[in-house]
Trainee: 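Below: one structure in structure tokens.
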Amino acid sequence: MDPSAPVSAASAQAGPGTRKIIPIAPAESESVGLYEASKKIYPRTVRGMFARWRWGMVFLTQLLFYGLPWAQWGERQLLLFDLAARRFYVFGLVLYPQDLIYLSGLLVVSALALFLFTAVAGRLWCGYACPQTVYTEIFMWVEHRIEGNRTARMRLDGESMSLEKLVKKWFKHLVWIGIAMWTGFSFVGYFTPIRELGMAFLQTRMGSWEVFWVFFYGFATYGNAGFMREQVCKYMCPYARFQSAMFDRDTLIVSYDPKRGEPRAPRRKGIDPRSMALGDCIDCGLCVQVCPTGIDIRQGLQHECIGCGLCVDACDTVMQKMAYAPRLIRYDTQNGMEAGWSRRQLLRRVLRPRVLVYSAILSLLVLGLLASLVARTPLKVDVVRDRASLARIVEDGRLENVYRLQIMNATEEPRDYRIAAHGIEGLTVSPGAAVAVGAAQSRWVAVRLQVPYGAVPAGSHTVHFDIRDERGGFQVSEKAVFLVPR
């Protein structure tokens with residue numbers, strides 16, 4: 001202990017050889033917030049190849065989404081998932097819940113296609129076709145048309161409330177709500193015939209579930225595309241978190257070339273950057289202003305980047321004005337950026353083992369799914385035993401088992417089906433007449449199987465129902481059990 005150090009009064013009174021702990025007042029510490037309020041992003045409008053591609057995908061996806069429910073296939077809706085009737089109508093196909101394997105196959109194909117596209121060129125789905133991206137683009141276009149460009153929107157939000165601001169804000173939200181409600185209505189139109197749904201809406205007799213889903217989907221569209229926007233991509237979407245597992249060093253991603261762009265600094269047009277020991281980047285910040293998620297691509301790849309390419313368009317516009325070479329920001333790979341590969345060399349690396357494996361599996365699944373649909377029998381049969389009467393002896397001395405058969409006609413025409421059975425000698429079927437089933441309908445039929453009493457030993461015996469379409473030649477065989485009591 002330093003003898004020259006000051007000693008407190010309490011310490012002096014304690015006497016020699018005694019150690020007394022003196023409490024020290026804690027120093028003031030800075031509070032650390034666990035949540036930082038996000039700043040509103042005002043994306044700047046940009047023109048270019050990737051901006052045109054984005055709007056092309058907006059038109060294509062929305063033409064399909066809004067148009068398919070209104071398209072007709074004969075006398076019915078082209079695409080309809082009728083949950084109440086347990087029928088799925090997909091073009092010329094009529095699918096039942098027993099055809100769930102096709103939906104599973106479609107989901108697997110979609111997942112593999114997503115993996116393939118991501119391995120080749122990054123987040124193409126996020127940047128061009130994701131509903132969040134598409135509706136955000138539509139809502140921002142409405143905002144731009146009503147409130148003005150980026151500078152005008154920032155100025156309007158910074159002003160105090162006025163009549164002009166009130167009118168613009170209310171008008172913008174009314175248009176947003178109209179788009180959101182029409183989106184919700186179109187979504188429900190995939191599960192309820194949309195023409196009937198429209199008439200029910202006009203007559204104010206829509207069902208409670210239909211009203212709920214129209215408003216729920218509409219509210220989700222209004223909130224996500226109008227207010228949350230990039231927050232959905234940053235914090236809610238899981239795809240941004242596991243995308244890196246599907247990237248490799250030969251994946252095309254939006255990249256900034258630091259070798260060419262650094263050091264960056266503003267300068268006048270016509271000045272050779274090499275004479276000032278500068279790179280091509282003039283630090284204008286347009287790449288940040290046009291980004292829908294508000295990131296700076298010059299800081300490298302970030303999980304918020306959705307790969308839309310708008311920063312490429314903005315940078316190319318600046319490079320053109322400065323008379324510099326384009327593609328300071330471009331789609332490139334890590335290996336290509338480091339080695340300075342040409343476009344042809346980049347394309348050669350596309351057909352690498354990972355991509356070939358994805359492509360092979362995807363092709364096999366698609367071919368298998370299509371072959372299964374082509375070879376699919378448009379007839380489904382379920383066999384259920386009548387539990388009220390497992391086995392009984394009828395008047396003519398024959399042993400009888402009763403079954404209930406659900407015959408499902410998966411065609412667009414009425415069909416007649418003949419029921420037969422085999423598996424036990426002397427087995428007869430009643431009724432023997434053909435069973436008529438309407439187009440895309442199902443019918444439950446009570447069927448009685450009889451054998452001479454004592455013709456077979458006691459126990460359970462396997463039999464097969466054969467249901468044959470009398471006109472189309474389709475036949476389905478279903479196994480059942482015939483019980484003989486002891």
Side-chain angles (χ1 to χ4, degrees), residues 73-106 191-193 369 371-392 394 398-451 460-484:
W73 184 277
E75 297 182 356
R76 64 166 175 83
Q77 193 168 308
L78 175 69
L79 189 62
L80 177 65
F81 305 101
D82 193 345
L83 299 180
R86 296 180 177 86
R87 307 282 191 282
F88 296 163
Y89 302 95
V90 183
F91 295 90
L93 296 175
V94 181
L95 303 177
Y96 286 84
Q98 289 82 353
D99 296 313
L100 189 64
I101 185 65
Y102 296 112
L103 176 60
S104 302
L106 181 62
F191 302 93
T192 299
L369 190 62
S372 178
L373 285 172
V374 171
R376 170 177 169 270
T377 301
L379 170 62
K380 303 291 179 183
V381 178
D382 282 341
V383 179
V384 181
R385 289 194 58 86
D386 187 353
R387 298 186 179 276
S389 177
L390 298 180
R392 62 187 179 185
V394 294
R398 297 175 67 85
L399 183 64
E400 179 182 84
N401 280 201
V402 182
Y403 306 82
R404 296 179 69 235
L405 270 63
Q406 185 185 26
I407 302 176
M408 291 165 278
N409 176 13
T411 68
E412 301 284 346
E413 299 175 352
R415 298 282 184 171
D416 294 326
Y417 300 100
R418 184 76 61 177
I419 303 174
H422 68 276
I424 301 178
E425 186 176 355
L427 186 67
T428 61
V429 180
S430 179
V435 177
V437 182
Q441 298 296 321
S442 64
R443 179 178 174 183
W444 285 96
V445 181
V447 178
R448 300 187 298 275
L449 297 185
Q450 297 177 355
V451 297
S460 60
H461 303 268
T462 300
V463 295
H464 290 84
F465 285 97
D466 299 321
I467 299 89
R468 180 173 57 87
D469 180 4
E470 291 194 325
R471 184 172 56 178
F474 300 112
Q475 180 170 320
V476 172
S477 181
E478 289 290 333
K479 185 173 71 172
V481 174
F482 190 93
L483 295 180
V484 178

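When reading the values below, keep in mind they use all heavy atoms of this one structure, side chains included, and skip hydrogens, waters and symmetry mates.
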Trainee: Salt bridge (Lys or Arg N to Asp or Glu O under 4.0 Å) with E478: which residues, sequence neighbours excluded?
Mentor: none

Trainee: Could you list the donor-acceptor pairs under 3.5 angstrom formed between side-chain atoms of residues 419-430 and any protein atom two or more places apart in sequence or on another chain?
Mentor:
| unit_1 | atom_1 | unit_2 | atom_2 | d |
| --- | --- | --- | --- | --- |
| H422 | ND1 | D466 | OD2 | 2.8 |
| T428 | OG1 | R398 | NH2 | 3.4 |
| T428 | OG1 | Q450 | O | 3.4 |
| S430 | OG | R448 | NH2 | 2.9 |

Trainee: Identify the heavy atoms of L399 and A391 that sit nearest to each other, and give their distance.
Mentor: CD1-CB, 4.4 Å

Trainee: Roughly how far, to the nearest 0.5 Å, is OH of Y417 from CD of Q475?
Mentor: 12.5 Å

Trainee: Determine whether V402 and R392 make a side-chain contact, defined as any pair of heavy atoms from C-beta on separated by less than 4.5 Å.
Mentor: yes

Trainee: Output side-chain donor-acceptor pairs under 3.5 Å for residues 79-89, partner residues at least two apart or in another chain, one line each.
Mentor:
| unit_1 | atom_1 | unit_2 | atom_2 | d |
| --- | --- | --- | --- | --- |
| D82 | OD1 | A84 | N | 3.4 |
| D82 | OD1 | A85 | N | 3.3 |
| R87 | NE | A440 | O | 3.0 |
| R87 | NH1 | A85 | O | 2.4 |
| R87 | NH2 | S442 | OG | 3.3 |

Trainee: Are L379 and R468 side-chain neighbours, meaning at least one heavy-atom pair lies under 4.5 Å?
Mentor: no

Trainee: List the steps and the verdict of side-chain contact (heavy atoms from CB on, under 4.5 Å) for H464 and T462.
Mentor: CA-CA 7 Å; H464 290 84; T462 300; 3.8 Å; yes

Trainee: Sequence neighbours left out, what passes side chain to side chain contact (heavy atoms under 4.5 Å, CB included) with I101? Give chain and number order.
Mentor: none

Trainee: What closest approach, in Å, do V481 and V463 show between heavy atoms, and which atom pair accounts for it?
Mentor: N-CG2, 4.3 Å

Trainee: Report the residues that fulfil side chain to side chain donor-acceptor pair (under 3.5 Å) with R443, sequence neighbours left out, ordered by chain and then residue number.
Mentor: none

Trainee: Take S460 and F482 through the test side-chain contact (heavy atoms from CB on, under 4.5 Å) and record every step on the way to the result.
Mentor: CA-CA 6 Å; S460 60; F482 190 93; over 6 Å; no

Trainee: Answer yes or no: is there a side-chain heavy-atom contact under 4.5 Å between V451 and H461?
Mentor: no

Trainee: N401 side chain to L449 main-chain N or O, any donor-acceptor pair under 3.5 Å?
Mentor: no

Trainee: Could you pull out all residues at least two apart from F465 that satisfy ring pair (Phe, Tyr, Trp, His ring centres under 6.0 Å)?
Mentor: Y403

Trainee: Can you name the closest pair of heavy atoms from A446 and P431 and give their distance?
Mentor: O-CD, 3.5 Å

Trainee: With sequence neighbours left out, write down each residue that passes side chain to side chain donor-acceptor pair (under 3.5 Å) with R404, or none if nothing qualifies.
Mentor: none

Trainee: Which atom pair, heavy atoms only, marks the closest approach of A434 to D416?
Mentor: CB-CB, 4.3 Å

Trainee: Testing V384, D382, V447 one by one against L405 for a side chain to side chain contact (heavy atoms under 4.5 Å, CB included), which residue passes?
Mentor: V447

Trainee: I'd like to check the salt bridge (Lys or Arg N to Asp or Glu O under 4.0 Å) partners of R76; sequence neighbours left out, ordered by chain and number.
Mentor: E412

Trainee: Could you list the residues that satisfy side chain to side chain donor-acceptor pair (under 3.5 Å) with E470, not counting sequence neighbours?
Mentor: R418

Trainee: Please report the closest heavy-atom contact between V383 and A480, naming both atoms and the distance.
Mentor: CG1-CB, 4.1 Å

Trainee: Q441: what forms a side chain to side chain donor-acceptor pair (under 3.5 Å) with it, not counting sequence neighbours?
Mentor: none

Trainee: Could you pull out all residues at least two apart from F474 that satisfy side chain to side chain contact (heavy atoms under 4.5 Å, CB included)?
Mentor: T377, P378, D469

Trainee: Check the pair I407 / K380 against side-chain contact (heavy atoms from CB on, under 4.5 Å), numbers first and verdict last.
Mentor: CA-CA 6 Å; I407 302 176; K380 303 291 179 183; over 6 Å; no

Trainee: Indicate yes or no: at least one non-hydrogen side-chain atom of Q98 is less than 4.5 angstrom from one of M408.
Mentor: yes

